[in-house]
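The structure appears below as C-alpha cells.
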Amino acid sequence: MGRQKSWELFVPTTAEEEQIDDELVAYNLSCVPCRQKEPFVKFVRCARDREGRLIGGVLACSILWNILAVQSVWVSRRHRGKGIGSALLLAVEKEAAAAGCRLAQLDTFDFQAKGFYEKLGYRVFGELPDAPEGHTHYYMAKRLG
C-alpha cells in the first residue's frame with residue numbers, strides 16, 4: 001500500500017503569489033542581510049520624441065544587495081542606432097552606481113542585443129543553448145562605478 005501525501009498542488013492566488021515572494025525574501029535576508037537602504041529600488045528611464053511619443057526605455061531594479069537587475073531595454077525600430085539605448089542604459093547604471101550598486105546583470109537572446117551590451121561592457125557569464133529552440137539565451141554582467 002502506497003504512502004498517502006499530506007499535501008496537494010494548486011495554482012496560487014494573487015495573495016499567495018505575494019506570500020511566496022515575501023517568504024523567499026525573508027529567507028534570503030536570514031542568510032544575507034540587506035545591503036541597501038530600501039530593499040527594492042526601481043531605476044527606470046524612457047525616451048520620447050519631439051511629439052512626446054515613447055520611443056525607448058529601460059526598466060531595472062535593485063533588490064536587497066545592490067545588484068542592478070536590468071529587466072527590459074527597448075528602443076523603437078525607427079530610432080535604433082542613434083545612441084538612445086546606450087544613453088538610457090548608461091543613465092540607469094549611473095544612478096544605480098550612485099545608489100551603491102556595484103554590479104549589473106541582465107539576460108538577452110542571440111536575436112536581441114548581445115553585441116550592444118558587450119559594447120557597453122557587459123560580459124557573458126552563462127548561456128542556455130536551444131532556448132528557444134535553435135537560439136541561445138545569454139546571461140550577462142558588468143561591474144559598475
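Scanning both residues, A47 and L88, for their nearest heavy atoms gives N-CD2, 3.9 Å. E16 and V11 make their closest contact through OE1-O, 4.4 Å (heavy atoms, listed as atom of the first residue, atom of the second, distance). When every heavy atom of S86 is checked against every heavy atom of F116, the shortest pair comes out as OG-CE1, 3.4 Å. Minimum interatomic distance between T108 and A113 (heavy atoms only, all atoms of both residues): OG1-N, 3.3 Å. What you find for F109 and A131 is that their closest heavy atoms are CE2-O, 3.3 Å. The heavy-atom pair separating C61 from F40 by the smallest distance is SG-CE1, 3.7 Å.
Counting heavy atoms from C-beta outward, Y139 and L106 have side chains that stay 4.5 Å or more apart. Using a 4.5 Å cut-off on side-chain heavy atoms (C-beta onward), R123 and K142 make no contact. Counting only heavy atoms from C-beta outward, the side chains of P132 and F111 approach each other to under 4.5 Å. The closest side-chain heavy-atom distance from L64 to L29 is below 4.5 Å.
Of the residues R35, E38, Q36, the one that meets the side chain to side chain donor-acceptor pair (under 3.5 Å) test with S62 is Q36.
Between the side chain of R102 and the main chain of N66, no donor-acceptor pair closer than 3.5 Å is present. Side-chain atoms of D110 come within 3.5 Å of backbone atoms of T136 as a donor-acceptor pair (strictly under, hydrogens ignored). Between the W74 side chain and the I55 main chain, no donor and acceptor come within less than 3.5 Å of each other. Side-chain atoms of R45 never come within 3.5 Å of backbone atoms of A91 as a donor-acceptor pair (strictly under, hydrogens ignored).
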> Between V73 and Y117, does a side-chain contact (heavy atoms from CB on, under 4.5 Å) hold up when you go through it step by step?
Replying inline: CA-CA 10 Å; V73 178; Y117 297 120; 3.4 Å; yes

> Yes or no on side-chain contact (heavy atoms from CB on, under 4.5 Å) for D107 and H137, after CA distance, side-chain angles and deciding distance?
Replying inline: CA-CA 7 Å; D107 62 284; H137 192 159; 2.7 Å; yes

>> Walk me through whether L103 and R143 qualify under side-chain contact (heavy atoms from CB on, under 4.5 Å).
In response: CA-CA 5 Å; L103 182 67; R143 292 269 168 211; 4.2 Å; yes

>> I'd like to know whether L120 forms a side-chain contact (heavy atoms from CB on, under 4.5 Å) with L89, so could you lay out the CA-CA distance, the side-chain angles of the two residues, the decisive distance to 0.1 Å, and finally the verdict.
In response: CA-CA 9 Å; L120 293 177; L89 187 52; 3.8 Å; yes

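Rounding to the nearest 0.5 Å places CD of Q105 at 9.0 Å from OH of Y122. For the atom pair T13 OG1 and Q19 CD, the distance stands at 8.5 Å (nearest 0.5 Å). To the nearest 0.5 Å, atoms CZ (R77) and CZ (R80) are separated by 5.5 Å.
Under a hydrophobic clustering in which Ile, Leu, Val, Met, Phe, Trp and Tyr are joined whenever their side-chain heavy atoms come within less than 4.5 Å, directly or via other members, V92 and L90 fall into the same cluster.
With 3.5 Å as the limit, one finds no donor-acceptor pair spanning the side chains of H135 and D130.
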